[in-house]
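What follows is a set of notes on a single structure, which appears directly below.
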Amino acid sequence: MKKTLYLGIFALAGLLALASPSSLQDLNWQQYKIYDVPFVPTPPEVVDEMLRLADLKAGDILYDLGCGEGRIVIAAAKRHGVKAAGIDIDPVRIGESNDNAAAAGLGGKVRFIQQDLFEADFKDATVVTLYLLTSVNLRLRPKLLADLKPGTRLVSHSFDMGEWKPDKTSLVATSCDDQRDVHFWIVPANVTGRWEWDLAAGPRKRHYTLQASQQFQAVTASGTGGDRPLAINDIGLVGDEIKFRLEVEADGKMASFLYEGKVMGDTITGTVRPADDAKAAAVDWKAARDPKTIESIVK
Ligand SMILES: C[S@@+](CC[C@H](N)C(=O)[O-])C[C@H]1O[C@@H](n2cnc3c(N)ncnc32)[C@H](O)[C@@H]1O
């Protein structure tokens, strides 16, 4: 609420400068509310933290949705040499972005697109930055989860994503004499449903099943090994990389195995090794999912 308020106050201050009504009461806010979010630039210290959390590397493709006058896009391209693009619905902002990019020596090296971000195609992004409002983030969330590849990083100045809890949050002191949250998420793969695989257990093969539920990046699972229930612990999902510990009874003793793999659609490929012995040889692991068992990760 407080964040919405200060974004609103900055916007109103800007509008007052333009419209100069005699008092706040004279300002008819609705007449200015043509876009989903007013233009307020991210302070430089917050841009720095957003790019630090994004951990930009060669090959990354960054989009700033609602790019304003382009400062995040320009900083990403100039400092990290990555491909970067900004999308803004306001043609004035796109004009300013292009001017600022040219002044920064980036003419032709960054792209600015005048479009409604809800209609834009940014599927090739590996990093998406946002300074919108929580209400807008929540409307955008289904598109982000549907369109972005697992592993894509999202960074939002101030505003969160509701029940999709951030993987990290930083607090930044700004030159505006306040503090801002910067939230970071990694788009998770959907690993819900029933997975199955076989693994050697001594001279025989044992059949395993795992039933996974998921709320955003948080996964819980139960399973069976042969005809026995299995405990599945310490499940971690980061983008398309999953790991968990599976407790199995073998020869009357309990043993713990560490599974690590990469999710690609309805297949996970990876390795299994004894959890308490990092030097033990790993064996290959491949699990397949029944696609009919997939559920939504938004509960
Ligand atoms: C708070 S400013 C953020 C500017 C920039 N990202 C930054 O952090 O400095 C939000 C921007 O979103 C733009 N915007 C609002 N609604 C939009 C929409 N539906 N599609 C694209 N841009 C939009 C506004 O024009 C404004 O420039």
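All figures in this text were calculated on a predicted structure; none of them were measured in a lab. Order of listing sets the numbers, starting from 1, for every ligand and every atom in it.
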- Query: Taking the side chain from E69 and the backbone from R71, do they hold a donor-acceptor pair closer than 3.5 Å?
  - Reply: yes

- Task: Starting at CG of N190, measure out to CD of Q214 and round the result to the nearest 0.5 Å.
- Result: 5.0 Å

- Task: Consider ligand 1: state whether an atom of it lies below 4.0 angstrom from any non-hydrogen atom of G86.
- Result: no

- Message: Under the side chain to side chain donor-acceptor pair (under 3.5 Å) definition, can you give me all pairs with a residue in residues 265-286, not counting sequence neighbours?
- Response: D266-R289

- Message: Using a 4.0 Å heavy-atom cut-off, which part of L117 comes near ligand 1: side chain, backbone, both, or neither?
- Response: both

- Message: I'd like to know if the side chain of D60 pairs up with that of T126 as donor and acceptor (distance under 3.5 Å, no hydrogens or angles considered).
- Response: yes

- Just which atoms of ligand 1 are under 4.0 Å from any heavy atom in Q115? 20 (N), 21 (C)

- Note on the structure: ligand 1 atoms nearer than 4.0 angstrom to some heavy atom of D116 are 18 (C), 19 (N), 20 (N)

- Which ligand 1 atoms are under 4.0 Å away from a heavy-atom of T42? 7 (C), 8 (O), 9 (O)

- Query: Short N/O distance, under 3.5 Å, between E69 and ligand 1?
  - Reply: no

- Message: Please compare I89, I113, V92, V40 and report which has the shortest non-hydrogen distance to atom 21 (C) of ligand 1.
- Response: I89

- Does ligand 1 have any atom sitting under 4.0 Å from a heavy atom of R93? yes

- Note on the structure: Short version for C67: what comes under 4.0 Å of ligand 1, heavy atoms counted, is backbone

- Look only at interatomic distance and state if Y35 has a nitrogen or oxygen under 3.5 Å from any nitrogen or oxygen of ligand 1. no

- Task: Answer yes or no: does an N/O atom from G66 fall short of 3.5 Å to an N/O atom of ligand 1?
- Result: yes

- Task: Within a distance under 4.0 Å of any heavy atom of D90, pick out the atoms of ligand 1 and give their elements.
- Result: 25 (O)

- Of all heavy-atom pairs between V191 and W195, which one has the smallest distance, and what is that distance? O-NE1, 2.9 Å

- Task: Hey, could you give me the NZ/CD distance between K165 and Q217, rounded to the nearest 0.5 Å?
- Result: 10.0 Å

- Query: Taking only heavy atoms of R71, which atoms of ligand 1 are found under 4.0 Å from at least one of them?
  - Reply: 9 (O)

- Give a yes or no on this: more than 12 heavy atoms of other residues, nucleotides or ligands lie within 6.0 Å of atom CZ of R111. no

- Query: For F257 and V272, which heavy atoms make the closest approach, and how far apart are they?
  - Reply: CB-CG1, 3.8 Å

- Message: Closer than 4.0 Å to some heavy atom of P41 - which atoms of ligand 1 meet that?
- Response: 9 (O)

- Where ligand 1 meets D36 - atom numbers and elements under 4.0 angstrom, heavy-atom basis: 15 (C), 16 (N), 18 (C), 19 (N)

- Task: For G68, take its heavy atoms, then give the atoms of ligand 1 lying under 4.0 Å from any of them.
- Result: 4 (C), 5 (C), 27 (O)

- Message: If we set the cut-off at 4.0 Å for heavy atoms, which region of I72 has an atom near ligand 1: side chain, backbone, both, or neither?
- Response: side chain

- Task: Would you mind checking if D124 and K149 are paired as a salt bridge, meaning a charged N to carboxylate O distance below 4.0 Å?
- Result: no

- Note on the structure: CG (D116) and CG (D90) are apart, to the nearest 0.5 Å, by 12.0 Å

- CZ-OG1 distance between F122 and T152, expressed to the nearest 0.5 angstrom: 10.0 Å

